[in-house]
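Keep in mind that what you see is a predicted model, and the values were worked out from it rather than measured. Below, all heavy atoms of this structure are taken into account, side chains as well, without hydrogens, waters or symmetry copies.
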Amino acid sequence: KSTNSGVSFSLDQTLSNLAKGITIDADGYGYVVGEAGMAYRISPQGNALNYTLIDTDADLTDDFGSGIPTAELQTVQFTDRLTGYITGVNGLVLKTTDGGLHWNTEAQGGGSNAPVLSLADGENGTLLQPDGSVSTLQDRSMQVASRFWHDELGRLIISQNGKQFN
C-alpha cells in the first residue's frame with residue numbers, strides 16, 4: 001500500500017519468506033513471489049488487500065497441485081488477469097492461464113540465475129536465459145485446450161474445450 005500518493009509502497013502483510021517479485025494491476029489484483037517457492041495471490045478487499053498463500057507442489061508431474069516448486073522465484077508478470085509468468089533460479093519459467101491457481105513449467109535449466117522475461121503483449125516477448133542465450137517467445141499454448149473429467153470407473157463425465165462445456 002502507499003501512504004504518500006504512490007511515491008513509495010509497502011506490503012501490509014507479513015510474508016512467509018523474502019519477497020523477490022511483485023506485480024499488481026490498477027484494480028488491486030496481483031501476485032508476489034519469493035524464496036522457497038513462496039507465492040501469494042493478491043486481491044482487493046474493501047480498502048485493504050487480501051493475500052492468499054499458494055502452496056508449493058510436492059509432485060509437479062500430476063495435475064492436482066499448484067505446479068509451484070520449492071525453488072527461489074524471482075519475477076512475476078501478468079499479461080492480463082488470467083495469463084502470467086514466473087521466473088526463478090536455474091532457468092525456471094512457469095506459466096498460468098487461470099489467474100495463478102495452477103502453474104505449468106515452460107522452461108528449466110541453464111545456470112543458477114533466473115532468466116529475464118520481457119513481454120511485448122499477451123503472446124510475444126523475449127527470454128534471456130542465464131547462459132546468455134536469447135529466444136523469442138511466441139506463446140499461444142494453453143489458450144484453447146481440452147480437458148476431460150472421468151468418474152472412478154473411467155466413464156467420461158464432462159469435457160471442456162475452448163468454446164463450451166459439453
Side-chain angles (χ1 to χ4, degrees), residues 1-137 139 141-142:
K1 71 180 177 181
S2 177
T3 57
N4 54 10
S5 302
V7 173
S8 63
F9 291 86
S10 65
L11 292 174
D12 56 356
Q13 171 79 20
T14 301
L15 303 177
S16 59
N17 288 307
L18 180 63
K20 297 282 188 161
I22 187 168
T23 184
I24 194 161
D25 67 15
D27 296 324
Y29 292 91
Y31 228 83
V32 60
V33 298
E35 293 180 344
M38 181 200 70
Y40 286 86
R41 281 191 21 230
I42 303 169
S43 57
Q45 188 173 34
N47 291 334
L49 295 175
N50 182 40
Y51 295 78
T52 305
L53 179 64
I54 305 299
D55 292 326
T56 55
D57 197 343
D59 184 359
L60 299 176
T61 62
D62 63 27
D63 285 339
F64 300 117
S66 66
I68 296 180
T70 56
E72 184 173 320
L73 307 176
Q74 292 285 327
T75 66
V76 59
Q77 300 177 56
F78 275 77
T79 58
D80 55 41
R81 205 144 302 145
L82 295 176
T83 307
Y85 297 87
I86 292 175
T87 63
V89 296
N90 299 322
L92 179 67
V93 178
L94 303 173
K95 179 183 179 183
T96 184
T97 56
D98 64 4
L101 295 175
H102 303 94
W103 295 84
N104 294 302
T105 302
E106 294 288 305
Q108 193 165 7
S112 61
N113 296 320
V116 177
L117 179 62
S118 175
L119 298 172
D121 56 33
E123 295 179 354
N124 301 292
T126 303
L127 183 65
L128 174 62
Q129 286 288 358
D131 64 4
S133 62
V134 178
S135 57
T136 301
L137 177 70
D139 190 1
S141 67
M142 300 186 319

task: Name all residues meeting the side-chain contact (heavy atoms from CB on, under 4.5 Å) criterion together with Thr75; count only those two or more places apart in sequence or in a different chain, and write none if there are none.
output: Thr87
message: Quick check: closest heavy atoms across Pro44 and Gly28, and the distance to 0.1 Å?
response: CD-O, 3.6 Å
query: Got Val89 and Gln74 here, is their nearest side-chain heavy-atom distance under 4.5 Å?
result: yes
query: Of all residues at least two apart in sequence or in a different chain, which pass the side chain to side chain donor-acceptor pair (under 3.5 Å) check with Asp55?
result: none
- prompt: Stepwise, does the side-chain contact (heavy atoms from CB on, under 4.5 Å) test hold for Ile22 with Ile42?
  reply: CA-CA 10 Å; Ile22 187 168; Ile42 303 169; 4.1 Å; yes
query: Among all residues two or more places apart in sequence or in another chain, which pass the side-chain contact (heavy atoms from CB on, under 4.5 Å) test with Thr126?
result: Val134
query: Hey, what do you get for CG (Leu53) to OH (Tyr40), rounding to the nearest 0.5 Å?
result: 4.5 Å
message: Going by side chain to side chain donor-acceptor pair (under 3.5 Å), name the residues that satisfy it together with Tyr31, two or more places apart in sequence or in a different chain.
response: Trp103
field: Contact summary for Thr83 and Lys95, nearest pair of heavy atoms
entry: CG2-CE, 3.9 Å
- prompt: Any donor and acceptor pair, going by atom type alone, linking the side chain of Glu72 with main-chain N or O of Gly34 inside 3.5 Å?
  reply: no
query: Any donor-acceptor pair under 3.5 Å linking the side chain of Asp27 with the backbone of Tyr29?
result: no
message: Run Phe78 and Asp25 through side-chain contact (heavy atoms from CB on, under 4.5 Å) and show every step you take.
response: CA-CA 9 Å; Phe78 275 77; Asp25 67 15; over 6 Å; no
statement: In terms of heavy-atom contacts, Gly37 and Ile68 come closest through O-CG2, 3.5 Å
task: Apply the test side-chain contact (heavy atoms from CB on, under 4.5 Å) to residues Leu82 and Thr97: give CA-CA distance (whole Å), side-chain angles for both, the deciding distance (0.1 Å), then the verdict.
output: CA-CA 5 Å; Leu82 295 176; Thr97 56; 5.7 Å; no
message: Run the side chain to side chain donor-acceptor pair (under 3.5 Å) test against Arg41 and tell me which residues pass, sequence neighbours left out.
response: none
field: Working for side-chain contact (heavy atoms from CB on, under 4.5 Å), residues Thr23 and Gln77
entry: CA-CA 6 Å; Thr23 184; Gln77 300 177 56; 5.8 Å; no
field: For the student: nearest non-hydrogen atoms of Asp57 and Ser66, plus distance
entry: OD2-N, 3.5 Å
- request: Output all residues satisfying side chain to side chain donor-acceptor pair (under 3.5 Å) with Asp98, sequence neighbours left out; order by chain, then residue number.
  value: Thr96, His102
- prompt: Got a sec, which residues hit side-chain contact (heavy atoms from CB on, under 4.5 Å) with Thr105, two or more places apart in sequence or on another chain?
  reply: Leu92, Leu94, Gln108
